[in-house]
Amino acid sequence: MHIGVIGTGYVGLVTGACFAEFGVYVTCVDKDQSKIESLKKGIVPFFEPGLESLVNKNLKNGRLRFSTDIADAVKDSLVIFIAVGTPPRGDGSADLSYVEEVARQIAKNMNGYKVIVTKSTVPVGTGERLKKIISEALNENHRFDIVSNPEFLREGSAIEDFMRPNRVVIGAESPEAIAIMRDLYRPLYLIETPFVITNIETAELIKYASNSFLAVKISFINEIANLCEKVGADVHVVAKAMGLDQRIGPKFLHPGPGYGGSCFPKDTLALIRLAEEHGEDLNIVKAAVKVNQLQRERMVRKIVSSLGDLKDKVIAILGLSFKPNTNDTRESPSIHIINELKKSGAVIRAYDPAAMNDMKVLFPDIIYAEDPYDACSGADALVIITEWNEFRNLELERIKSLMKDRYFFDLRNIYEPSKVKDLGFIYQSVGRKV
Ligand code: UGA
């Protein structure tokens, strides 16, 4: 089978490379010429473990190719995935102009029956809308079907999530399109992946409901963590015992500075907006969004209330990406925290294994360090914001000797409080007794 993937961002490139790995011939298209030129040379413009080697392997065996011409992908392909961005508008709703433009381009280049699949996260009703747009833009009368096949890839473990998903969701009306999609995903049948076959609207909503529920889980445990600090309880033990109840489950109960990334913040707002358009109030999702904002502010207060006046205080920040194993800084809690500390006059010395170039665009005027130790040099306080593996086993004696003062804020709870305190640090984490 030959497929096309329009959009070589995070979702499109992972989808294209993984389907090529499954033995499918894939043409990935992007309008960004320089991006396509580097992808043709096997250079992936962002950091995702395993992706560059998968791209190179499938470039070499000829199953993956890159182009700037949508016609190239449409003419040869039975299935075309739309994986372009759906950025938030000012009111939180998703901007569908890129998706709609791609749909028009697909329509103009059709030369037979096509299955047109939305992979981008799109609001409920988009499938119907695309049907209309494509029908109107067709040059000749060709048959086509629309499918919603939302992705559930986590940045940092996207390849694993694609190859071994918890489920595959296919929203479609026609048995022909469903059969083609099943065929495409056949390697996952062999490992007994559950398939949810449903209508387009349900598939579209599953994506928003899943991301919003995970955001609710995180905000919930963050509030419990805050309460733990007041009553002397340990949030990890609370979360562990809660998670042992199979009705609750152990995942996404890790407290911290709040969720970030391109998905949860955007999708929760888009779901709230969608509900409002239909006269419904999603109070629980709204609360999760509010709690997330409050959690970031709370992290800043933790630091300010210990250090007092921040004027000219040197603060080492470890971790700028919104989570480990990615260079993505979108909606990263570090942005809010750095902003507030800077406003109060603090000098920031930051380090991140992958995200420093991205952060330089937002904060050109903070100090970017060589490594964690360089960041801590002369610092009054150390703040860990992202739980990169290389921060889990720092030489704390060395850090202590490099720092001017001993404040240590571990916002991801990666250290054992008593060990750090015994070394002489003034240690604080989230939801654990100090
Ligand atoms: C999320 C979903 O997990 C994916 O299933 C989905 O496909 C993706 O959005 C998307 O819509 O494209 P992602 O944003 O890559 O994936 O990252 P997550 O691992 O879900 O983490 C999101 C944020 O929540 C991070 O800032 C992370 O630090 C935070 N988090 C996560 C916590 O604070 N606590 C937790 O227990 C888990």
Side-chain angles (χ1 to χ4, degrees), residues 7 9-15 46-49 51 83-88 94 118-123 149-162 164-169 204 206-225 235-236 238-240 242-243 248-271 288-289 291-293 295-296 298-299 319-337 355 384-388 391 411-414 429-431:
Y10 185 76
V11 173
L13 195 56
V14 171
T15 303
F46 52 86
F47 178 70
E48 176 63 33
L51 184 57
V84 293
T86 54
T118 52
K119 230 345 166 195
S120 309
T121 303
V122 292
N149 173 218
E151 54 86 16
F152 300 101
L153 310 172
R154 285 165 304 167
E155 292 188 24
S157 33
I159 311 260
E160 171 69 13
D161 285 351
F162 194 97
R164 297 184 183 279
N166 290 169
R167 77 301 208 187
V168 171
V169 174
E204 288 169 342
I206 287 169
K207 171 62 195 250
Y208 282 104
S210 301
N211 270 2
S212 297
F213 188 76
L214 292 171
V216 166
K217 257 186 128 175
I218 297 168
S219 279
F220 180 86
I221 203 65
N222 280 339
E223 281 203 316
I224 296 294
V235 68
H236 286 293
V238 174
K240 186 168 180 209
M242 280 173 65
I248 298 173
K251 303 224 170 110
F252 278 69
L253 288 178
H254 194 90
Y259 58 78
S262 65
C263 304
F264 291 172
K266 172 167 82 76
D267 293 352
T268 43
L269 292 182
L271 185 62
V289 171
V291 167
N292 199 51
Q293 181 56 34
Q295 192 68 4
R296 291 170 180 196
R298 192 181 174 96
M299 298 301 111
L320 301 171
S321 55
F322 81 100
K323 64 183 229 178
N325 294 327
T326 176
N327 63 326
D328 197 340
T329 55
R330 284 176 287 178
E331 296 285 332
S332 176
S334 63
I335 297 175
H336 175 84
I337 296 171
I384 297 180
I385 305 186
T386 319
E387 69 279 30
W388 283 91
F391 302 154
L411 305 187
R412 297 285 183 172
N413 295 356
I414 57 179
S429 54
V430 182

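In what follows, residues are counted from 1 in the order of the sequence shown. Counting convention: from 1, in listed order, for ligands and their atoms alike.
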Contact between [X] and ligand 1, counting heavy atoms under 4.0 Å?
| X | answer |
| --- | --- |
| Thr121 | no |
| Gly256 | no |
| Lys207 | yes |

A cation-pi test, strictly: NZ or CZ of Arg167 under 6.0 Å from the centre of the six-membered ring of Phe152 and no more than 45 degrees from its axis. Yes or no?
yes
Heavy-atom closest pair, residues Glu48 and Ser157
OE2-N, 3.2 Å
Identify the heavy atoms of Thr329 and Ile335 that sit nearest to each other, and give their distance.
O-CD1, 3.2 Å
Identity and separation of the nearest protein heavy atom to [atom]:
| atom | answer |
| --- | --- |
| atom 22 (C) of ligand 1 | Phe264 CE1, 3.6 Å |
| atom 23 (C) of ligand 1 | Tyr259 CB, 3.6 Å |
| atom 36 (O) of ligand 1 | His254 N, 2.9 Å |
| atom 9 (O) of ligand 1 | Cys263 CB, 3.2 Å |
| atom 30 (N) of ligand 1 | Ile218 CD1, 3.4 Å |

Could you say whether the N/O atoms of [X] and ligand 1 ever approach to under 3.5 Å?
| X | value |
| --- | --- |
| Leu214 | no |
| Glu151 | yes |
| Gly261 | no |
| Leu153 | yes |
| Phe322 | yes |
| Arg154 | no |

Within the supplied structure, the quantity of interest is the number of heavy atoms (other residues, nucleotides, ligands) at a distance under 6.0 Å from Phe391 CZ; does it exceed 12?
yes
Asn149 and Thr118: side-chain contact (heavy atoms from CB on, under 4.5 Å), yes or no, with the steps?
CA-CA 6 Å; Asn149 173 218; Thr118 52; over 6 Å; no
Check: [X] side chain, [Y] main-chain N or O, donor-acceptor pair, under 3.5 Å:
| X | Y | answer |
| --- | --- | --- |
| His254 | Arg412 | yes |
| Tyr10 | Glu155 | yes |
| Ser332 | Leu320 | yes |

Less than 4.0 Å between a side-chain N and a carboxylate O, is that true for Glu151 and Lys207?
yes
Is there a salt bridge (charged side-chain N to carboxylate O under 4.0 Å, His left out) between Glu387 and Lys323? Walk through the geometry before answering.
CA-CA 7 Å; Glu387 69 279 30; Lys323 64 183 229 178; over 6 Å; no
Give me the one residue out of Ile384, Thr386, Ile385 that meets side-chain contact (heavy atoms from CB on, under 4.5 Å) with Leu411.
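Only one of Ile384, Thr386, Ile385 forms a side-chain contact (heavy atoms from CB on, under 4.5 Å) with Leu411, namely Ile385.
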If the cut-off is 4.0 Å to any non-hydrogen atom of [X], which atoms of ligand 1 fall inside it?
| X | result |
| --- | --- |
| Glu155 | 15 (O) |
| Arg412 | 28 (O), 33 (O) |
| Phe152 | 4 (C), 5 (O), 6 (C), 7 (O) |

Tell me the contacting part of Asn211 for ligand 1: side chain, backbone, both, or neither, using a 4.0 Å heavy-atom threshold, strictly below.
side chain
Classify the contact between Lys323 and ligand 1 as side chain, backbone, both or neither, using a heavy-atom distance cut-off of under 4.0 Å.
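The answer is the side chain.
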How are the rings of Phe47 and Trp388 set relative to one another: parallel (under 30°), tilted (30 to 60°) or perpendicular (over 60°)?
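The rings of Phe47 and Trp388 sit tilted, inter-plane angle from 30° to 60°.
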